[in-house]
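Everything on this sheet refers to the single structure shown next.
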Amino acid sequence: MKNTFLSLVAAVSMLLCVTSCIQQNKTTNATSDSSKTEAADPFSKSISQPLVSDIYTADPSAHVFNGRIYIYNSHDYEAGTPENNNGDHFAMKDYHILSMDNIGGKVTDHGVALTTENIPWAGRQLWAPDAAYKNGKYYLYFPLKDKKDIFKIGVAISDKPEGPFKAELEPINGSYSIDPAVFTDDDGKSYMYFGGIWGGQLQRWNSGKYVNESKTDLEKDDQPAVAPKVALLNSNMLGFAEQPKDVKILDENGKEFLGGNHDKRFFEAAWLHKYQGKYYFSYSTGDTHQIVYAIGDSPYGPFTYQGVVLKPVIGWTNHHSIVEIKGKWYLFYHDSQISKGKTHLRNVKVTELKYDDSGKIITIDAYSK
(Lines give C-alpha, C1' and ligand atoms only; values in the text may rest on other atoms or scores of the structure.)
Protein backbone atom coordinates (compact mmCIF):
# COMPACT_ATOMS: atom_id res chain seq x y z
CA MET A 1 0.00 0.00 0.00
CA LYS A 2 2.86 2.31 0.93
CA ASN A 3 4.57 1.66 -2.39
CA THR A 4 1.31 2.37 -4.23
CA PHE A 5 0.94 5.71 -2.40
CA LEU A 6 4.52 6.70 -3.19
CA SER A 7 4.02 5.80 -6.84
CA LEU A 8 0.91 7.97 -6.94
CA VAL A 9 2.78 10.93 -5.39
CA ALA A 10 5.60 10.51 -7.89
CA ALA A 11 3.16 10.42 -10.79
CA VAL A 12 1.42 13.60 -9.60
CA SER A 13 4.79 15.34 -9.14
CA MET A 14 5.83 14.30 -12.61
CA LEU A 15 2.57 15.64 -14.07
CA LEU A 16 3.01 18.98 -12.28
CA CYS A 17 6.59 19.24 -13.53
CA VAL A 18 5.57 18.51 -17.11
CA THR A 19 2.74 21.06 -16.90
CA SER A 20 5.11 23.67 -15.49
CA CYS A 21 7.68 23.00 -18.18
CA ILE A 22 5.07 23.23 -20.91
CA GLN A 23 3.85 26.57 -19.52
CA GLN A 24 7.42 27.83 -19.21
CA ASN A 25 8.16 26.81 -22.76
CA LYS A 26 5.02 28.61 -23.94
CA THR A 27 6.14 31.77 -22.17
CA THR A 28 9.67 31.44 -23.50
CA ASN A 29 8.40 30.77 -27.01
CA ALA A 30 6.02 33.74 -26.80
CA THR A 31 8.86 36.01 -25.71
CA SER A 32 11.07 34.57 -28.42
CA ASP A 33 8.35 35.03 -31.04
CA SER A 34 7.85 38.63 -29.89
CA SER A 35 11.59 39.28 -30.14
CA LYS A 36 11.66 37.70 -33.58
CA THR A 37 8.75 39.90 -34.68
CA GLU A 38 10.50 43.03 -33.44
CA ALA A 39 13.75 41.95 -35.09
CA ALA A 40 11.94 41.20 -38.37
CA ASP A 41 9.94 44.45 -38.19
CA PRO A 42 11.76 47.14 -36.18
CA PHE A 43 8.77 49.45 -36.80
CA SER A 44 6.38 47.20 -34.86
CA LYS A 45 6.60 49.51 -31.85
CA SER A 46 6.20 52.77 -33.80
CA ILE A 47 4.25 55.35 -31.84
CA SER A 48 2.75 56.73 -35.06
CA GLN A 49 2.15 55.77 -38.66
CA PRO A 50 3.03 57.51 -41.97
CA LEU A 51 0.66 60.34 -42.90
CA VAL A 52 0.70 59.16 -46.52
CA SER A 53 2.04 55.97 -48.04
CA ASP A 54 1.61 56.40 -51.80
CA ILE A 55 4.58 58.80 -52.08
CA TYR A 56 7.74 59.25 -50.04
CA THR A 57 7.84 62.37 -47.86
CA ALA A 58 10.39 63.83 -45.45
CA ASP A 59 11.57 66.93 -43.55
CA PRO A 60 8.08 68.07 -42.49
CA SER A 61 7.51 71.75 -41.76
CA ALA A 62 4.02 72.08 -40.29
CA HIS A 63 1.91 75.25 -40.01
CA VAL A 64 -1.69 76.12 -39.24
CA PHE A 65 -3.22 78.41 -41.86
CA ASN A 66 -6.93 79.32 -41.83
CA GLY A 67 -7.57 76.70 -39.15
CA ARG A 68 -6.14 73.86 -41.26
CA ILE A 69 -2.82 72.03 -40.84
CA TYR A 70 -0.43 72.24 -43.80
CA ILE A 71 2.76 70.19 -44.03
CA TYR A 72 5.53 71.41 -46.32
CA ASN A 73 7.90 68.51 -46.89
CA SER A 74 10.51 67.10 -49.21
CA HIS A 75 9.35 64.61 -51.82
CA ASP A 76 11.75 61.67 -51.92
CA TYR A 77 12.04 59.36 -54.88
CA GLU A 78 14.43 56.72 -56.14
CA ALA A 79 16.76 58.44 -58.57
CA GLY A 80 19.25 55.57 -58.66
CA THR A 81 22.11 57.82 -57.49
CA PRO A 82 24.79 56.05 -55.41
CA GLU A 83 24.86 57.06 -51.73
CA ASN A 84 27.64 59.31 -50.44
CA ASN A 85 28.36 61.75 -47.60
CA ASN A 86 27.37 64.71 -49.76
CA GLY A 87 23.82 63.36 -50.00
CA ASP A 88 23.71 63.10 -53.78
CA HIS A 89 21.19 60.26 -53.43
CA PHE A 90 18.71 62.79 -52.00
CA ALA A 91 17.85 63.92 -55.52
CA MET A 92 14.42 65.47 -54.94
CA LYS A 93 13.00 67.64 -57.72
CA ASP A 94 9.53 68.81 -56.60
CA TYR A 95 7.29 69.41 -53.58
CA HIS A 96 3.93 67.93 -52.62
CA ILE A 97 2.07 69.82 -49.87
CA LEU A 98 -0.10 67.82 -47.47
CA SER A 99 -2.99 69.09 -45.35
CA MET A 100 -5.56 67.91 -42.84
CA ASP A 101 -8.28 69.41 -40.64
CA ASN A 102 -6.95 67.89 -37.45
CA ILE A 103 -4.37 65.44 -36.12
CA GLY A 104 -5.49 61.95 -37.05
CA GLY A 105 -7.85 63.25 -39.73
CA LYS A 106 -7.90 62.56 -43.45
CA VAL A 107 -4.74 63.75 -45.20
CA THR A 108 -4.98 65.50 -48.56
CA ASP A 109 -2.10 65.49 -51.03
CA HIS A 110 -2.43 68.68 -53.07
CA GLY A 111 -0.12 67.45 -55.81
CA VAL A 112 2.95 69.18 -57.20
CA ALA A 113 3.29 72.68 -55.72
CA LEU A 114 6.69 73.55 -57.18
CA THR A 115 9.21 71.79 -59.39
CA THR A 116 12.78 72.47 -60.50
CA GLU A 117 11.47 72.78 -64.06
CA ASN A 118 9.74 76.02 -63.04
CA ILE A 119 12.67 77.56 -61.13
CA PRO A 120 14.81 79.65 -63.53
CA TRP A 121 18.07 79.31 -61.59
CA ALA A 122 17.67 75.59 -60.77
CA GLY A 123 20.47 73.09 -60.84
CA ARG A 124 19.56 70.03 -58.78
CA GLN A 125 18.42 68.73 -55.36
CA LEU A 126 15.33 70.45 -54.00
CA TRP A 127 15.77 69.83 -50.27
CA ALA A 128 13.84 70.60 -47.06
CA PRO A 129 11.47 73.62 -47.38
CA ASP A 130 9.48 75.86 -45.06
CA ALA A 131 6.58 78.27 -45.50
CA ALA A 132 5.21 81.51 -44.04
CA TYR A 133 2.20 83.82 -44.44
CA LYS A 134 2.23 87.61 -44.56
CA ASN A 135 0.66 90.44 -46.54
CA GLY A 136 -2.09 88.16 -47.84
CA LYS A 137 0.43 85.88 -49.55
CA TYR A 138 2.02 82.51 -48.81
CA TYR A 139 5.77 82.14 -49.17
CA LEU A 140 7.56 78.86 -49.81
CA TYR A 141 11.29 78.88 -48.96
CA PHE A 142 13.47 76.19 -50.45
CA PRO A 143 17.14 75.18 -50.72
CA LEU A 144 18.37 74.23 -54.17
CA LYS A 145 21.72 73.87 -55.88
CA ASP A 146 22.21 76.44 -58.61
CA LYS A 147 23.77 75.73 -61.97
CA LYS A 148 27.25 75.87 -60.36
CA ASP A 149 26.20 73.17 -57.85
CA ILE A 150 26.15 75.63 -54.93
CA PHE A 151 23.21 75.54 -52.52
CA LYS A 152 21.21 78.77 -52.34
CA ILE A 153 17.81 79.52 -50.81
CA GLY A 154 14.92 80.54 -53.02
CA VAL A 155 11.41 81.80 -52.42
CA ALA A 156 8.17 81.17 -54.27
CA ILE A 157 4.78 82.87 -53.80
CA SER A 158 1.15 81.78 -53.91
CA ASP A 159 -2.31 83.09 -53.04
CA LYS A 160 -3.13 79.73 -51.43
CA PRO A 161 -1.29 77.76 -48.72
CA GLU A 162 -1.29 74.62 -50.87
CA GLY A 163 0.03 76.42 -53.94
CA PRO A 164 0.90 76.10 -56.72
CA PHE A 165 3.84 78.45 -56.05
CA LYS A 166 5.68 80.66 -58.50
CA ALA A 167 9.41 81.02 -57.86
CA GLU A 168 11.29 84.30 -57.96
CA LEU A 169 13.76 84.65 -60.82
CA GLU A 170 16.82 84.53 -58.54
CA PRO A 171 17.68 83.04 -55.14
CA ILE A 172 17.60 85.29 -52.08
CA ASN A 173 20.58 87.62 -52.24
CA GLY A 174 23.19 86.63 -49.65
CA SER A 175 21.63 83.21 -49.01
CA TYR A 176 23.50 79.92 -48.95
CA SER A 177 23.40 76.37 -47.57
CA ILE A 178 20.14 74.53 -46.74
CA ASP A 179 17.13 73.98 -44.46
CA PRO A 180 15.44 77.39 -44.24
CA ALA A 181 13.01 77.76 -41.32
CA VAL A 182 11.01 80.95 -40.89
CA PHE A 183 9.73 82.11 -37.49
CA THR A 184 7.37 85.09 -37.12
CA ASP A 185 7.43 86.65 -33.66
CA ASP A 186 4.57 88.30 -31.79
CA ASP A 187 5.66 91.72 -33.09
CA GLY A 188 5.25 90.57 -36.72
CA LYS A 189 8.96 90.39 -37.49
CA SER A 190 10.05 87.28 -39.39
CA TYR A 191 13.41 85.58 -39.11
CA MET A 192 14.99 82.89 -41.26
CA TYR A 193 17.21 80.23 -39.70
CA PHE A 194 19.27 78.10 -42.06
CA GLY A 195 22.34 75.95 -42.56
CA GLY A 196 23.58 72.39 -42.73
CA ILE A 197 27.09 70.96 -42.70
CA TRP A 198 28.61 68.18 -44.82
CA GLY A 199 26.50 68.04 -48.00
CA GLY A 200 24.65 71.17 -46.89
CA GLN A 201 27.86 73.15 -47.59
CA LEU A 202 27.60 75.48 -44.56
CA GLN A 203 31.23 74.87 -43.60
CA ARG A 204 32.33 76.04 -47.03
CA TRP A 205 31.26 79.61 -46.14
CA ASN A 206 33.36 80.02 -42.98
CA SER A 207 35.55 82.63 -44.64
CA GLY A 208 32.53 84.62 -45.82
CA LYS A 209 32.98 83.35 -49.36
CA TYR A 210 32.29 79.95 -50.89
CA VAL A 211 35.28 77.61 -50.82
CA ASN A 212 34.96 74.33 -52.71
CA GLU A 213 36.34 72.24 -49.86
CA SER A 214 34.11 70.50 -47.36
CA LYS A 215 36.46 68.77 -44.92
CA THR A 216 38.99 71.27 -43.56
CA ASP A 217 36.80 73.10 -41.04
CA LEU A 218 34.91 69.97 -40.01
CA GLU A 219 38.14 68.33 -38.85
CA LYS A 220 38.81 71.02 -36.21
CA ASP A 221 37.22 69.13 -33.32
CA ASP A 222 38.87 71.40 -30.75
CA GLN A 223 37.43 74.60 -32.30
CA PRO A 224 33.89 76.02 -32.00
CA ALA A 225 31.45 74.04 -34.14
CA VAL A 226 30.17 75.52 -37.40
CA ALA A 227 27.19 77.69 -36.39
CA PRO A 228 23.75 77.86 -38.01
CA LYS A 229 22.65 81.25 -39.30
CA VAL A 230 19.78 83.68 -38.67
CA ALA A 231 18.67 86.76 -40.58
CA LEU A 232 15.75 89.15 -40.23
CA LEU A 233 13.60 89.10 -43.36
CA ASN A 234 12.45 92.20 -45.23
CA SER A 235 8.84 93.22 -44.74
CA ASN A 236 8.08 91.86 -48.24
CA MET A 237 9.45 88.44 -47.14
CA LEU A 238 11.59 88.20 -50.29
CA GLY A 239 15.04 88.98 -48.94
CA PHE A 240 17.29 89.56 -45.96
CA ALA A 241 17.08 92.85 -44.09
CA GLU A 242 20.57 92.26 -42.67
CA GLN A 243 23.67 90.14 -43.04
CA PRO A 244 23.11 86.64 -41.61
CA LYS A 245 24.43 86.19 -38.07
CA ASP A 246 25.77 83.15 -36.22
CA VAL A 247 23.33 81.38 -33.90
CA LYS A 248 25.29 80.68 -30.71
CA ILE A 249 24.50 77.37 -29.00
CA LEU A 250 26.02 77.19 -25.53
CA ASP A 251 26.54 74.58 -22.83
CA GLU A 252 25.46 75.06 -19.19
CA ASN A 253 28.67 77.01 -18.56
CA GLY A 254 28.04 79.48 -21.36
CA LYS A 255 30.63 78.02 -23.71
CA GLU A 256 30.08 77.18 -27.37
CA PHE A 257 30.12 73.52 -28.33
CA LEU A 258 33.23 72.32 -30.07
CA GLY A 259 33.18 70.59 -33.44
CA GLY A 260 34.06 67.28 -31.80
CA ASN A 261 30.89 67.22 -29.69
CA HIS A 262 28.75 65.35 -32.19
CA ASP A 263 26.01 64.62 -29.64
CA LYS A 264 25.16 68.30 -29.13
CA ARG A 265 26.62 70.47 -31.89
CA PHE A 266 24.51 71.69 -34.80
CA PHE A 267 24.39 69.65 -38.00
CA GLU A 268 21.19 70.72 -39.85
CA ALA A 269 17.37 71.09 -39.60
CA ALA A 270 17.00 74.30 -37.57
CA TRP A 271 13.56 75.12 -36.16
CA LEU A 272 12.36 77.83 -33.77
CA HIS A 273 9.17 77.95 -31.72
CA LYS A 274 8.06 79.99 -28.73
CA TYR A 275 6.69 78.54 -25.50
CA GLN A 276 5.81 80.47 -22.35
CA GLY A 277 7.77 83.51 -23.49
CA LYS A 278 10.97 81.58 -24.26
CA TYR A 279 12.52 80.81 -27.65
CA TYR A 280 13.19 77.11 -28.32
CA PHE A 281 15.81 76.46 -30.98
CA SER A 282 15.82 72.81 -32.06
CA TYR A 283 17.99 71.03 -34.61
CA SER A 284 19.45 67.74 -35.79
CA THR A 285 22.85 66.46 -34.65
CA GLY A 286 23.17 64.64 -37.98
CA ASP A 287 25.66 61.80 -37.66
CA THR A 288 24.45 61.03 -34.10
CA HIS A 289 20.87 61.17 -35.38
CA GLN A 290 19.12 63.09 -32.58
CA ILE A 291 16.80 66.09 -32.50
CA VAL A 292 17.95 68.29 -29.61
CA TYR A 293 17.04 71.75 -28.37
CA ALA A 294 18.31 74.86 -26.63
CA ILE A 295 16.45 77.81 -25.04
CA GLY A 296 17.05 81.56 -25.29
CA ASP A 297 15.48 84.93 -24.50
CA SER A 298 15.75 86.38 -28.02
CA PRO A 299 15.14 85.08 -31.54
CA TYR A 300 18.83 85.80 -32.17
CA GLY A 301 19.93 83.72 -29.19
CA PRO A 302 22.25 82.81 -27.63
CA PHE A 303 20.57 79.50 -26.84
CA THR A 304 21.53 77.24 -23.94
CA TYR A 305 21.40 73.50 -24.59
CA GLN A 306 18.65 71.61 -22.72
CA GLY A 307 18.41 68.05 -24.00
CA VAL A 308 16.96 65.62 -26.54
CA VAL A 309 13.59 66.12 -28.22
CA LEU A 310 13.58 62.96 -30.35
CA LYS A 311 15.82 59.93 -30.13
CA PRO A 312 17.26 58.50 -33.38
CA VAL A 313 14.74 57.20 -35.89
CA ILE A 314 15.28 54.32 -38.31
CA GLY A 315 16.99 55.84 -41.31
CA TRP A 316 20.09 58.05 -41.21
CA THR A 317 18.45 61.48 -41.21
CA ASN A 318 16.36 63.21 -38.54
CA HIS A 319 14.37 66.36 -39.38
CA HIS A 320 11.35 67.87 -37.66
CA SER A 321 9.03 70.76 -36.84
CA ILE A 322 7.19 71.67 -33.63
CA VAL A 323 3.79 73.40 -33.75
CA GLU A 324 0.86 74.17 -31.46
CA ILE A 325 -2.50 72.94 -32.71
CA LYS A 326 -5.74 73.52 -30.79
CA GLY A 327 -3.97 73.93 -27.46
CA LYS A 328 -1.68 70.91 -27.82
CA TRP A 329 1.87 70.71 -29.13
CA TYR A 330 2.98 68.26 -31.81
CA LEU A 331 6.24 67.01 -33.23
CA PHE A 332 6.27 66.30 -36.96
CA TYR A 333 9.17 64.06 -38.00
CA HIS A 334 10.08 61.30 -40.43
CA ASP A 335 11.53 57.82 -40.55
CA SER A 336 11.84 55.16 -43.27
CA GLN A 337 9.05 52.74 -42.40
CA ILE A 338 7.49 52.45 -45.87
CA SER A 339 10.81 51.74 -47.60
CA LYS A 340 11.88 49.41 -44.77
CA GLY A 341 14.93 51.41 -43.78
CA LYS A 342 16.15 53.10 -46.98
CA THR A 343 17.50 56.38 -45.69
CA HIS A 344 16.62 58.43 -48.78
CA LEU A 345 13.05 57.10 -49.08
CA ARG A 346 11.26 58.43 -46.01
CA ASN A 347 7.76 59.08 -44.67
CA VAL A 348 6.35 61.88 -42.54
CA LYS A 349 4.79 61.17 -39.13
CA VAL A 350 3.39 63.15 -36.21
CA THR A 351 3.14 62.61 -32.45
CA GLU A 352 2.17 64.73 -29.47
CA LEU A 353 4.95 66.66 -27.75
CA LYS A 354 4.78 67.47 -24.03
CA TYR A 355 6.62 69.71 -21.56
CA ASP A 356 7.29 69.18 -17.87
CA ASP A 357 6.38 71.75 -15.22
CA SER A 358 9.69 73.58 -15.70
CA GLY A 359 9.14 73.99 -19.45
CA LYS A 360 11.55 71.28 -20.53
CA ILE A 361 10.53 69.07 -23.45
CA ILE A 362 9.89 65.45 -22.51
CA THR A 363 12.10 63.27 -24.72
CA ILE A 364 10.28 61.19 -27.33
CA ASP A 365 11.22 57.66 -28.38
CA ALA A 366 9.56 56.94 -31.73
CA TYR A 367 9.57 53.20 -31.02
CA SER A 368 8.30 52.96 -27.44
CA LYS A 369 4.75 51.75 -28.10
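Counting heavy atoms from C-beta outward, Glu256 and Leu250 have side chains that approach closer than 4.5 Å. Considering only heavy atoms from C-beta on, Tyr141 comes within 4.5 Å of Ile172 through its side chain. Residues Phe303 and Ser282 are not in side-chain contact: their nearest non-hydrogen atoms beyond the backbone lie 4.5 Å or more apart. Looking at Ile119 and Leu126, their side chains come closer than 4.5 Å, going by heavy atoms from C-beta outward. Side-chain atoms of His319 and Ser284, non-hydrogen and from C-beta on, never get closer than 4.5 Å to each other. With a 4.5 Å cut-off on side-chain heavy atoms, Ser336 and Ile314 count as touching. A heavy-atom distance below 4.5 Å is not found between the side chains of Tyr193 and Asp179. Between Asp251 and Phe257, the closest side-chain pair of non-hydrogen atoms falls below 4.5 Å.
Under a cut-off of 6.0 angstrom, the local environment of CG in Asn173 is sparse, with at most 12 non-hydrogen atoms contributed by other residues, nucleotides or ligands. Surrounding NZ of Lys245 are more than 12 heavy atoms belonging to other residues, nucleotides or ligands, all under 6.0 Å away. Counted within 6.0 Å of NZ on Lys145, heavy atoms from surrounding residues, nucleotides or ligands total more than 12; the atom is thus considered enclosed. Applying the 6.0 Å contact sphere to CG of Asp187 captures more than 12 heavy atoms from other residues, nucleotides or ligands.
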request  = Evaluate side-chain contact (heavy atoms from CB on, under 4.5 Å) for Leu353 paired with Tyr330, printing each intermediate quantity in order.
outcome  = CA-CA 5 Å; Leu353 178 142; Tyr330 292 91; 5.8 Å; no
request  = Would you check, one step at a time, whether the test salt bridge (charged side-chain N to carboxylate O under 4.0 Å, His left out) holds for Asp159 with Lys137?
outcome  = CA-CA 5 Å; Asp159 293 323; Lys137 299 287 184 180; 2.4 Å; yes
key: Test side-chain hydrogen bond (donor to acceptor under 3.5 Å, both in side chains) applied to His344 and Glu78, step by step   = CA-CA 8 Å; His344 63 295; Glu78 182 56 82; 2.9 Å; yes
message = Is there a side-chain hydrogen bond (donor to acceptor under 3.5 Å, both in side chains) between Thr57 and His96? Walk through the geometry before answering.
response = CA-CA 8 Å; Thr57 55; His96 281 235; over 6 Å; no
Stepwise side-chain contact (heavy atoms from CB on, under 4.5 Å) test for Leu140 and Tyr95 = CA-CA 10 Å; Leu140 181 66; Tyr95 295 124; 3.9 Å; yes
message = Let's go through Asp101 and Lys326 carefully: what are the C-alpha distance in whole Å and the side-chain angles of both, what is the deciding distance for salt bridge (charged side-chain N to carboxylate O under 4.0 Å, His left out) to 0.1 Å, and is it a yes or a no?
response = CA-CA 11 Å; Asp101 284 328; Lys326 297 180 179 178; over 6 Å; no
message = What verdict does the side-chain hydrogen bond (donor to acceptor under 3.5 Å, both in side chains) test give for His63 and Ser61, after you've listed the backbone C-alpha separation in whole Å, the side-chain angles of each residue and the deciding distance to 0.1 Å?
response = CA-CA 7 Å; His63 294 271; Ser61 170; 3.3 Å; yes
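Remark: Lys93 is positioned above the aromatic ring of Tyr77, its terminal NZ or CZ atom under 6.0 angstrom from the ring centre and at most 45 degrees off the axis.
In terms of heavy-atom proximity, Gly199 sits nearest to Phe151 at O-CE1, 3.5 Å. In this structure, Ala79 and Ala91 approach most closely via the heavy-atom pair CB-CB, 3.7 Å. The two residues Tyr139 and Leu238 make their nearest non-hydrogen contact at CE2-CD2, 3.9 Å. Listed here is the closest heavy atom pair of Tyr280 and Gly359: OH-O, 2.6 Å. Nearest heavy-atom pair, Ile322 versus Tyr355, reported as atom, atom and distance to 0.1 Å: CG2-OH, 4.5 Å. Here the closest non-hydrogen pair linking Tyr283 and Ala270 is CB-CA, 4.4 Å.
Under the 3.5 Å distance criterion, with hydrogens and angles disregarded, a donor-acceptor pair is assigned to the side chains of Lys134 and Ser190. Inspection of the Thr184 and Tyr133 side chains reveals no N or O donor paired with an N or O acceptor under 3.5 Å.
Taking 4.0 Å as the cut-off between side-chain N and carboxylate O, Arg124 and Asp88 count as a salt-bridged pair. Electrostatic pairing of Asp246 and Lys229 counts as a salt bridge here, judged by a charged N lying under 4.0 Å from a carboxylate O. Ion pairing of Lys274 with Asp186 is present here, as a side-chain N (NZ or NE/NH1/NH2) and a carboxylate O approach within less than 4.0 Å.
Interatomic distance, CG of Leu310 versus CG of Leu331, reported as 5.5 Å (0.5 Å rounding). To the nearest 0.5 Å, atoms OH (Tyr293) and OG1 (Thr304) are separated by 11.5 Å. To the nearest 0.5 Å, the span separating OG on Ser175 from CZ on Phe194 amounts to 7.0 Å. A distance of 7.0 Å separates CD1 of Ile55 from CG of Asn73, quoted to the nearest 0.5 Å. For the atom pair Ile47 CD1 and Asp365 CG, the distance stands at 7.5 Å (nearest 0.5 Å).
Of the possible polar contacts, one joining the His334 side chain to the Asp59 backbone as a donor-acceptor pair under 3.5 Å is found. Panel note: side chain Gln203, backbone Trp198; a donor-acceptor pair is recorded below 3.5 Å. Using modelled atom types, no side-chain atom of Ser74 and backbone atom of Asp76 make a donor-acceptor pair closer than 3.5 Å.
Phe281 and Tyr300 end up in the same hydrophobic cluster when Ile, Leu, Val, Met, Phe, Trp and Tyr side chains are linked at under 4.5 Å.
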